[in-house]
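Chain letters run A, B, ... following the sequence lines, proteins first, then strands; residues in each count from 1. Heavy atoms only: backbone and side chains are in, while hydrogens, waters and symmetry mates are out. Worth saying up front: this structure is predicted, and the values here are computed from it rather than measured.
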Number of protein chains: 2
Amino acid sequence: MSDPNDRLPPLNALRAFEAAARRLSFTQAADELNVTPGAISQQIRQLEDYAGTPLFKRTGRSVLLTDAAQASLPLVREAFERISEAGRIMQAPARKGRVMVSCAPSFAAKWLAPKLGEFHRTHDGVEAWISADMGLTDFTMADADFAIRYGRGVYEGLKSEKLLDETVLPVCSPALLEGPDAIKKPEDLRHHTLLHDESGENDPSCPDWASWLRARGVEGVDGNRGPRFNQAILVIESAAAGRGVALAKQAIAASDLASGRLVAPFADGSTLIDFGYWLVWPKGRHLSPDVRAFMKWVKTEATKGEIVGV
Amino acid sequence: MSDPNDRLPPLNALRAFEAAARRLSFTQAADELNVTPGAISQQIRQLEDYAGTPLFKRTGRSVLLTDAAQASLPLVREAFERISEAGRIMQAPARKGRVMVSCAPSFAAKWLAPKLGEFHRTHDGVEAWISADMGLTDFTMADADFAIRYGRGVYEGLKSEKLLDETVLPVCSPALLEGPDAIKKPEDLRHHTLLHDESGENDPSCPDWASWLRARGVEGVDGNRGPRFNQAILVIESAAAGRGVALAKQAIAASDLASGRLVAPFADGSTLIDFGYWLVWPKGRHLSPDVRAFMKWVKTEATKGEIVGV
DNA sequence: CACTCTTGTTTAGTATTGCTGATCGATCAG
DNA sequence: CTGATCGATCAGCAATACTAAACAAGAGTG
């Protein structure tokens, strides 16, 4: 009669519950789980049948958690964290020799990817995969081993370690240093297009052209004109193509500066900003030897860059 | 593309995995989950597809865990413990005012049940349910709020609190104290049937008739003859029916001794044994106010009994 | 106040998943 | 070798989960 298994809640319904409770929205939960809202609604109802009590207060507009849901949610969350981690561990043998790092597209393309060949040469048998994604989605469940994030280094539930500081400086194609409108001093910028990087928008310490010019007392240059890009790499590529002068992130521009594709027209142009690059991974995660090796290598590369650059 | 949800293992397959890993047998796992072995086999295979690596080493005869399974199993277990507990908490509002205690059939019938009326009278609005089951099944998942167990009080993963000591003493129907074969001293037992309780078999400190007689230097009585019962209550009822003299557990016999249905023929007959009755519940479990009240009441009843009895 | 937008619910139909029951192959004990 | 036991496999069936579409109920807007 009292079969112990009957006492376990329906597991798939718990997934819907967790997502809905986290978002406080069935629609968003449905979106997250790639199902229709109706499916979520049904799963929740099934769980409520099991519980014998409502889990959400439906207030027309949105939904609220009942006490029962409130009380059980932390345990459900912990359970899923463990399941997620268990899943990773199960997969570990199959992933052996592969390290997956998630990072922002620009950083991946301009900083990480060019150095990867070197890693592969020195670490035989370990291949690195880069997953370039934008959002800093809660990745306790993502399939990356760790991530490189651009920000202040404080992330809820995640451990982080500083990788690299970031500085911002004007860069342009070497072609712009010649000819009648050659850039010699900041005032010369009036003859050129200003390229705006809006990828670091939420960092108040990151200067835009307007504040950069103001800080240097440059007159007669409108710091607001010019095209805007939402990714650092786009600014860099535009600048390299000779379209204008970019206020660029040093880490992203470094390889092009080193190759001569870009030049820094002003000696004192660079500004250290608050945001930086961080190695980030979920708190309880087991890091395999391969992953550790890769992280260590990345950090070494970063210190190298600091010696050479800026 | 890399949908975070795809990274979670199939949840129902995990249940099969946990059971199979615990039992190291697909057949037994199937039995536990009330499905066929084929179903388990398929679920495990599905999980192995997910993991990309085998989880069991099939050695024809039985199965062994691979490293991947070994490593992930603890997390899976913890996850299910939390899910189980979350399930209970969800159901708490619906269970309000109900306390479910699991205990051995004899103790339930002869000790607990008779006192329940009193509890109900003093604790209005709380009803107590008794689930009398024999096995001390791992009940992290059972639906009882707590259990009363007979034993030494050490249970893996469970918390316990001493409820009652147990003593063993000869009892019989008052009818046997009269007539030509009236029982006055231990030697008189030769004229009567000895009733054997084998329910405490695994307690070496618990005397049987043979050791009881030997300890008192009684000669001429064969301590091995007579019917044997595997439950304490059966011995008691046989004795009460006048069939013979039982070496009975005090706690089980107490109510019949009090009512005069049974009597203790010898003044010095009782022996304190190692085993006793314990309140037992899973370590991380949240005990509701109702449950606490019931536990407290049970303990009070137990101390009352100690004052009156023995 | 009507209109519309958003959000959750419901229902019937469909797709997916999970299970059975029978059969097979392997292993081990006698 | 033979019988017994255990796991794997497969086709068919049952249960579960999902979709699509219509519906209902606030909340914001003009």
By the 4.0 Å heavy-atom rule, please label [X] as base, sugar-phosphate, or nothing.
X	result
B/S62	nothing
B/T36	base
A/T27	sugar-phosphate

Q: Check every atom of C/dT20, C/dT9, D/dC18 against the side chain of A/A39 and return the nucleotide holding the closest atom.
A: D/dC18
Q: Please determine, for the side chain of A/V35, which listed nucleotide (D/dT19, C/dT9, D/dA17) has the closest atom?
A: D/dT19
Which whole-number value in Å describes the distance from [X] [atom1] to [N] [atom2]?
X	N	atom1	atom2	value
A/R58	D/dA27	CZ	C1'	19 Å
B/R45	C/dT17	CZ	C1'	13 Å
A/L11	D/dT16	CG	P	13 Å
B/F26	D/dG7	CZ	P	7 Å
B/L64	C/dT27	CG	C1'	14 Å
A/N12	D/dC18	CG	C1'	12 Å
B/L24	D/dT5	CG	P	20 Å
A/D31	D/dT19	CG	C1'	15 Å

(Q) I'd like to know if the side chain of A/E127 reaches the main chain of A/G97, judged simply by a donor and an acceptor atom lying under 3.5 Å from each other, with no hydrogens or angles considered. (A) no
(Q) On the nucleotide C/dT17, are OP1 or OP2 found under 4.0 Å from the side-chain N or O atoms that B/Q46 carries? (A) no
Q. Centres of the A/F107 and A/Y277 rings: under 6.0 Å?
A. yes
Q) Does the pair A/R77/A/E81 count as a salt bridge with the N-to-O cut at 4.0 Å? A) no
Q. With distance as the sole criterion, do the side chain of A/Q42 and the base of D/dT16 form a donor-acceptor contact below 3.5 Å?
A. no
Q) If every non-hydrogen atom of A/M90 is compared with every non-hydrogen atom of B/L47, which pair is closest and at what distance? A) CE-CD2, 3.8 Å
Q.
Within the 3.5 Å criterion, strictly below it, is a donor on A/S288 or A/D290 matched to an acceptor on the partner's side chain?
A. no
